[in-house]
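Here's the structure, in structure tokens; my notes come after.
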Amino acid sequence: MTNDGHGGEGGGTALLDVRDLTVEFRTRDGVAHAVNGVSYRVAPGETLAVLGESGSGKSVTAQAVMGILDSPPGRVTGGQVLFHGRDLLTLRREERRRIRGAKMAMIFQDALSALNPVLSVGAQLAEMFRVHEGTSRKEARGRAVELMERVGIPAARARVDDYPHQFSGGMRQRIMIAMALALGPDLIIADEPTTALDVTVQAQVMDLLAELQRELTMGLILITHDLGVVADVADTIAVMYAGRIVETAPVHALYRAPAHPYTRGLLESIPRLDHKGRRLHAIKGLPPSLTAIPPGCPFHPRCPLAQDICRTDPPPLYEAGPGRASACHFWKETLDGAR
Amino acid sequence: MAPGEPLLEVRDLVKHFPLTQGVLFRKQIGAVKAVDGVSFDLRKGETLGVVGESGCGKSTLARLLVGLERPTSGRIHYRGEDITALSGRALTSVRRNIQMVFQDPYTSLNPRMTVGDIIGEPYEIHPEVAPRTDRRRRVQELLEVVGLNPEFINRYPHQFSGGQRQRIGIARGLALRPEIIVADEPVSALDVSVQAQVVNLLEQLQDEFDLSYVFIAHDLSVVRHISDRIAVMYLGRIAETGTDEQIYDHPTHPYTQALLSAVPVPDPEARAHRDRILLSGDVPSPADPPSGCPFRTRCWKARPLCAEVVPPLDVPPEFRESTGPAHHASACHFAEERHVVPSE
């Protein structure tokens, strides 16, 4: 990811380069501006964490990148999604489908509803090879077993004909990972992959994902609301708020000293495992409705640093140090205050 | 009541849900042992945190405490009186003092009722608490107490955000001026920034009304923050219990250690030098729990003894002489201290 967050020139090493993406939803209450000019880049082998609360646009951005946006009501109204340098948004439906699944794959939060309940997991895995690579039935089945073994499902050969409901939550999530990996993608988008899992199982699944990514040097976009998970695995973070990226930074720098008041508020509002503390520093108020995003900086009604300029002028992404950017007029003050 | 005296004493509480087979001639073929012998005390003004993964029985425990389920065996003493033996009017009057806040603010509020009706509904069952003419004023007071605009009394739940709905649920829990609130995952469904607001509210209400909480959650960081004492549950039993310092900084039960070590810590610096214990496998089914120690199938320390003898929840012999923080109840035959949470 570059400092200006706009992909920069050249861009030879980027696997995925999202530029100025905007997505709208038509709703009964008017147009919801779900994504408002989001840019990010992912290099091969890099893990980008997209952090945000519900309604921040983090999942919608990913859906637009994958080309699985519900449309209507959703619509990409601007921007580019460059994958290996090709703009996916200009491709025909058929071309796009060939890339999706084979070259970029997605892992969803809820494996039980993402998997087909009336097909055995083996059949679902084998289908990938049969449809995309024209593999024979027998060979596809063999590769399905291999994949299940690879993601750590015990007794894979015996369980290949089991149905999704016969697996535990953690095992189902492993099967989702297996499906995503099946065709050797260059990019994986994982949308809250461990949120529905218990913490001991979450750790297993996260470790597996990180290990596979390293081994296969894939790009990984990890979409999450969990600051703990991000700290454990990410290289770079993009924090989203009201459909915008408000801060991007290398993971260590961001946790050491956030450059946006929203990021700082998030970090201060989570209780810690390692000490008790007393009162939590809650961010006041609520995230805005996407049909009525406040003018100027969308965070200003909740921001402790807000001045007049914040109410009128939307802040650009300021360069705030090596590899980092902040969409705050007072990023310098925030950064200094955090140090 | 003298300070430190227990308000609630739970002894050997058991809840088994029968598994049956057949339609015409139903016969019991087994039981889901959701809660399988749980004992603890709750003192006045104190918060007991109950943590555990899904299926450990923590939600069933909550429902037993507020009387939504009848225990299979065991006792719950409230101010010295066994409430599991009560029925009818006597039970109703005790229940007034033990109220519940639910996890999901989206399904726990009736969408067809106004906020005023929802918060005021407890007064229909306990009219002695507030005369009819006084209810509206009381509901408005409660709205104010939980940080909502009292003018919202005629609005419907869908007009509120998740955090605001949870405040409505809390106001309903407070309506009868209970002494004990059992909160089952009250902040799990909320966003981080809103979660902190609700946690702060719960703490403020506790000071204001001298409430005792049983705070049930799977998020170990939130539990540490809010609790005075903590009970770690596994497969229907308490594995380890103690103060927050004893449990988090000096755990002696291997399950607690594994659980704590798996929590992602929001600090990338801690990534490299953390003591990670990766457990293999999943929690066994409570319909068919392992013999002896329920954790032995996932435990790296398990020995033949663990399959034969259920470890009692007591201070382990090796720490009985100790005056340090390792001196607390831990249901493990081979308890030993291990630091897994990185200290600052």
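Reminder, nothing fancy here: chain letters follow the sequence lines and each chain counts from 1.
For chain A, the option among Ser221(B), Ala262(B), Gly52(B) with the highest count of heavy-atom pairs below 4.5 Å is Ser221(B). Note on Ala282(A), Gly265(A), Gly170(A), Ala231(A): by heavy-atom pairs under 4.5 Å with chain B, the leading option is Ala231(A). When each of Leu260(B), Asp244(B), Val283(B) is scored by its heavy-atom pairs under 4.5 Å with chain A, the top score falls to Asp244(B).
Heavy-atom distances place the side chain of Gln164(B), and not its backbone, under 4.5 Å from chain A. The part of Leu286(A) that comes within reach of chain B is its side chain, from C-beta onward, which places non-hydrogen atoms under 4.5 angstrom from that chain. Contact of Leu278(B) with chain A is made through the side chain alone, with heavy-atom distances under 4.5 Å. Looking at Glu268(A), neither its backbone nor its side chain comes within 4.5 Å of chain B, counting heavy atoms on both sides. For chain A, the nearby part of Gln195(B) is the side chain; its heavy atoms alone come within less than 4.5 Å. Both the backbone and the side chain of Ser193(B) come within less than 4.5 Å of a heavy atom of chain A. Heavy atoms of Val199(B) lying under 4.5 Å from chain A belong exclusively to its side chain. For Ile277(B), no part lies under 4.5 angstrom from a heavy atom of chain A.
Atom-to-atom distance recorded for Arg279(A):CZ and His225(B):NE2 is 8.5 Å, nearest 0.5 angstrom.
Side-chain contact between Arg272(A) and Asp267(B) is present, with at least one heavy-atom pair separated by less than 4.5 Å. Side-chain contact between Pro264(B) and Met206(A) is absent, with no heavy atoms from C-beta onward closer than 4.5 Å.
Each of Val340(B), Val222(B), Val223(B), Leu220(B) was scored for a side chain to side chain contact (heavy atoms under 4.5 Å, CB included) with Leu273(A), with one residue passing: Leu220(B).
Nearest heavy-atom pair across Asp198(A) and Glu53(B) is CB-OE2, 3.0 Å. Residues Glu53(A) and Val192(B) come closest through the heavy atom pair OE2-N, 3.6 Å. When all heavy atoms of Val199(A) and Val263(B) are compared, the closest pair comes out as CG2-N, 3.8 Å. Contact between Tyr255(A) and Pro266(B) at its shortest, heavy atoms only, is CD2-O, 3.3 Å.
The environment of Gln159(B) atom CD is dense: over 12 non-hydrogen atoms of other residues, nucleotides or ligands sit within 6.0 angstrom. Atom CD of Glu215(A) sits in a crowded spot, with more than 12 heavy atoms from other residues, nucleotides or ligands closer than 6.0 Å. Around atom CZ of Arg276(B), more than 12 heavy atoms belonging to other residues, nucleotides or ligands sit under 6.0 Å away.
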